[in-house]
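Some notes on the structure that comes next.
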Protein chains: 2
Amino acid sequence: MHEALITYIHAQLTRVLSDDEKAAIEKAFKPKKLRKHQYLLQEGEVCKLAGFIVKGAMKQYSVDETGKENILVLAIENWWIGDRESFSQGMPSAYFIDAFEETHLLVITKEDYEKHLSQQPFMADLLRILAERQSLQLLKRVHATKTLSAEQRLADLEKSYPAFLQRFPQHIIASYLGMTKETLSRIRGNSTKK
Amino acid sequence: MHEALITYIHAQLTRVLSDDEKAAIEKAFKPKKLRKHQYLLQEGEVCKLAGFIVKGAMKQYSVDETGKENILVLAIENWWIGDRESFSQGMPSAYFIDAFEETHLLVITKEDYEKHLSQQPFMADLLRILAERQSLQLLKRVHATKTLSAEQRLADLEKSYPAFLQRFPQHIIASYLGMTKETLSRIRGNSTKK
DNA sequence: AAAAAACGTTGACTTATATCAACGTTTTTC
DNA sequence: GAAAAACGTTGATATAAGTCAACGTTTTTT
């Protein structure tokens, strides 16, 4: 059940976990299955769960006045999902998170984290590593949106996260990249032709 | 000399530091003064220093083919500065970092970190807290550039970091916000008039 | 204090991307 | 397996913001 997560943590820390550490993880994280289109979080709710995706695909997005979805985060196997700000500070979320396919998660609540993992020193390291990596990725994304054209941003995604392109339909990718589906369609036409 | 940094760390950790911990900080961080326009880092170099700004103001930016500066990060007192990716992975940086005013830093090298701070458990917590905060800020910034107009982004900055607006000239702010100085000028005209 | 550089504003024009709309194809639902 | 929904493409048009250029003001340099 928890092998995927344990393997993942092992890889992040570049060391194996002790039996105690594994046991703590198994106690803290509970399996949760979401059907396609099911919400993990809705705007206005406090995010009670942080999840590790064992299988499936999810998206995090906001919805504007006109009902348009604006996709901020895409996540597939071996990614984390959840609104961290809402989760850690207990404030209402501005986002929706839902399953784009049937998705199998391992989720943890704040209470289970406190109870089983907060005293584990390896967790401070793991959380630091994950936060640092995420902040590097996001800085690149800020830089990309400031400096690259729509076409270059697509090329960048193709290079950095090709899996997303196979996994999500174009209108989702377009929103993630900060352009309309029409623009993405035209851009793809160009680069395929050349 | 190091009081500002110690006070800052104290605030982040929400606990006081022991004399030992303070001593480790004082050994690891060295004062460094930069004159106006002096570089801390240039594109292509490996970032050897991470700095805490005691007094002054700095900017991190890339320069495109046409010579245009694209400002990614602005930092003033009590902010950190440095290219983390280059610093921690030893790769050549894509960015310039320079002092916008005469600036007084406390800087640390990787070697001094390893020697004096890497065994200190409080550092894992501090680094985690900083990385988590940064990643929340960056996610907001990604969201803002995806969903807000130039005018709304300015309003957002006025609300979130008013100090920047007093500290940096408009063409710097404009670049940081991802617009031209002309657009910023016109936008300010609008909101002032109303 | 003069000269040079940096800064901010305004106008005319351009451009990348958005919007709106129509239509064919594929996938999902019941 | 028929109906509905989701998806992708293409065309016509609109628009926010960029570019280029000129000019006055403020700040910095020497």
Side-chain angles (χ1 to χ4, degrees), chain A residues 35-38 56-57 59 61 63-71 74 98-103 144-158 164-194, chain B residues 35-38 56-57 59 61 63-71 74 98-103 144-158 164-194:
Chain A
R35 291 187 315 280
K36 196 171 177 167
H37 297 141
Q38 209 176 338
K59 58 186 162 75
Y61 56 97
V63 176
D64 70 15
E65 325 75 50
T66 74
K68 204 186 75 184
E69 290 189 7
N70 219 298
I71 294 178
L74 295 176
D98 66 28
F100 186 72
E101 313 172 349
E102 171 168 317
T103 297
T145 48
K146 281 167 68 74
T147 59
L148 303 181
S149 68
E151 190 160 359
Q152 290 171 317
R153 274 176 279 144
L154 173 62
D156 196 42
L157 184 66
E158 271 166 353
F164 283 175
L165 291 160
Q166 289 144 15
R167 207 63 176 279
F168 296 96
Q170 285 191 36
H171 68 277
I172 300 286
I173 297 289
S175 174
Y176 176 77
L177 287 173
M179 64 185 79
T180 60
K181 60 191 193 325
E182 291 93 341
T183 294
L184 180 57
S185 174
R186 289 187 243 259
I187 281 168
R188 292 191 68 235
N190 293 345
S191 49
T192 312
K193 226 176 289 168
K194 259 185 283 187
Chain B
R35 291 188 314 278
K36 196 169 176 169
H37 298 141
Q38 211 177 337
K59 59 188 164 72
Y61 55 98
V63 176
D64 70 15
E65 325 77 49
T66 75
K68 203 186 75 183
E69 291 189 7
N70 220 298
I71 295 178
L74 295 176
D98 65 29
F100 186 72
E101 312 172 350
E102 171 168 319
T103 297
T145 50
K146 282 168 68 73
T147 57
L148 303 182
S149 69
E151 190 160 358
Q152 290 171 315
R153 274 177 277 141
L154 173 62
D156 198 39
L157 184 66
E158 272 166 352
F164 284 176
L165 292 161
Q166 289 143 15
R167 208 60 178 279
F168 296 96
Q170 286 193 37
H171 68 277
I172 300 285
I173 296 290
S175 174
Y176 175 79
L177 288 174
M179 64 186 77
T180 59
K181 60 190 190 328
E182 293 92 340
T183 295
L184 180 56
S185 174
R186 289 187 244 261
I187 280 167
R188 292 192 66 236
N190 292 345
S191 48
T192 310
K193 224 175 293 168
K194 258 187 284 187

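Not measured: the values here are computed from a predicted model.
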### Where protein sits on nucleotides 20-27 of chain C, one letter per nucleotide: B base, S sugar-phosphate only, - none, heavy atoms under 4.0 Å
BB------
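- Across all non-hydrogen atoms, the minimal contact from A/L74 to A/K59 is CD2-CB, 3.8 Å.
- Between C/dA18 and A/T183, a contact under 4.0 Å exists linking OP1 or OP2 to a side-chain N or O.
- Rotation axes derived from the C1' atoms of the five outermost pairs at either end of the helix from C/dA1-D/dT30 to C/dC30-D/dG1 lie 70° apart, to the nearest 10°.
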### Query
Taking it one step at a time, do A/T145 and B/K146 satisfy side chain to side chain contact (heavy atoms under 4.5 Å, CB included)?
CA-CA 9 Å; A/T145 48; B/K146 282 168 68 73; 5.6 Å; no
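- Checking B/K36, B/R167, B/R35, B/H37 one by one against B/E101, the side-chain hydrogen bond (donor to acceptor under 3.5 Å, both in side chains) holds for a single residue, B/R167.
- Atom pair A/L184:CG and D/dA6:P shows a separation of 19 Å (rounding to whole Å applied).
- A/Y176 and A/F164 have perpendicular rings, their planes meeting at more than 60° on a 0 to 90° scale where under 30° would count as parallel.
- Residue B/L148 contributes atom CG, which lies 15 Å from atom P of D/dA16 at whole-angstrom precision.
- Comparing D/dT9, C/dA18, C/dT17 by their nearest atom to the side chain of A/T180 picks out C/dA18.
- Between the P atom of C/dT28 and the CD atom of A/E101 lies a distance of 11 Å, rounded to the nearest Å.
- Whole-Å rounding puts the A/R188 CZ to D/dT9 P distance at 6 Å.
- The distance between atom CD1 of A/I187 and atom P of D/dG8, rounded to the nearest whole Å, is 15 Å.
- Considering only side-chain N and O atoms, A/Q170 lies nowhere under 4.0 angstrom from the phosphate OP1 or OP2 of D/dA6.
- In this structure, B/H37 places its NE2 atom 13 Å from P of C/dA5, rounding to the nearest Å.
- Between C/dT17, D/dA17, D/dG8, one nucleotide has an atom nearer to the side chain of A/H171 than all others, and that is D/dG8.
- The minimum heavy-atom distance linking B/S175 with B/I71 is given by the pair OG-N, 2.8 Å.
- In this structure, CG of A/L154 is placed 15 Å from C1' of C/dT17, rounded to the nearest angstrom.
- Judged purely by atom type and a 3.5 angstrom limit, B/K181 has no side-chain atom pairing as donor or acceptor with the backbone of B/Q170.
- Comparing D/dA17, C/dT9, D/dT10 against the side chain of A/S185 picks out D/dT10 as the nearest.
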